[in-house]
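Encoded as structure tokens, the structure appears first; notes follow it.
Just so it is clear, the values below take in all heavy atoms, side chains as well, and ignore hydrogens, waters and symmetry mates.
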Amino acid sequence: MMADHGDLCDGQEATYCMNGGTCYKILSMDTLSCVCNESYKGSRCEQFQLFSTTSNATEAGLIAALVIVALLILALLAVVIYFMRRVLKTRQQSQQDNPTEYWRVKPRV
């Protein structure tokens with residue numbers, strides 16, 4: 001690892017890295033460097049790295065796109081049903097206001 005490029009920090013310098021990171025002195029640059037645990041990142045291991053539940057980011061994007069399309073289809077279906085019911089209600093009301101009984105057979109007396 002870093003042992004090829006530097007020596008382990010000693011004393012006060014060992015606390016340079018946070019969250020359990022290993023501190024190394026880079027002699028050629030006269031600076032300190034950290035090797036972080038797998039859960040942390042950053043120059044001093046100061047940032048917690050969240051793990052992703054899906055291994056493929058395009059899979060998550062595809063699922064999100066499918067959910068959005070399904071919601072749009074449901075919304076469109078709701079609008080169509082609303083207007084169809086409104087038209088049928090208007091038609092029924094107009095038939096009640098103006099009945100046409102010319103097609104019915106009148107009973108014999």
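The side chain to side chain contact (heavy atoms under 4.5 Å, CB included) test with Phe83 singles out one residue from Val80, Val79, Ile81, and that residue is Val79.
Contact detail for Ser94 and Arg91: the closest heavy-atom pair is OG-O, 2.8 Å. Thr15 and Arg44 make their closest contact through O-NH2, 4.4 Å (heavy atoms, listed as atom of the first residue, atom of the second, distance). Leu27 approaches Asp7 most closely through the heavy-atom pair CD1-OD2, 3.4 Å. Between Gln49 and Glu38, the shortest heavy-atom contact is OE1-O, 4.0 Å. Closest of all the heavy-atom pairs between Tyr16 and Cys34 is CD2-SG, 3.6 Å.
In this structure, Asn19 and Asn37 have side chains that are not in contact, with every pair of non-hydrogen atoms separated by 4.5 Å or more. At least one side-chain heavy atom of Tyr24 sits under 4.5 Å from a side-chain heavy atom of Leu8.
Qualifying side chain to side chain contact (heavy atoms under 4.5 Å, CB included) partners for Tyr82, counting only residues two or more places apart in sequence or in other chains: Arg86.
Counted within 6.0 Å of CG on Asp10, heavy atoms from surrounding residues, nucleotides or ligands total more than 12; the atom is thus considered enclosed.
The structure places CE of Met84 at 6.0 Å from CG of Leu88, a figure rounded to the nearest 0.5 Å. To the nearest 0.5 Å, the span separating CD1 on Ile68 from CD1 on Ile73 amounts to 12.5 Å.
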Between Cys36 and Cys17, does the disulfide bond (SG atoms under 2.5 Å apart) criterion hold? Intermediate values first, please. CA-CA 8 Å; Cys36 304; Cys17 298; over 6 Å; no

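For the cysteines Cys9 and Cys23, the sulfur (SG) atoms lie within a distance shorter than 2.5 angstrom of each other.
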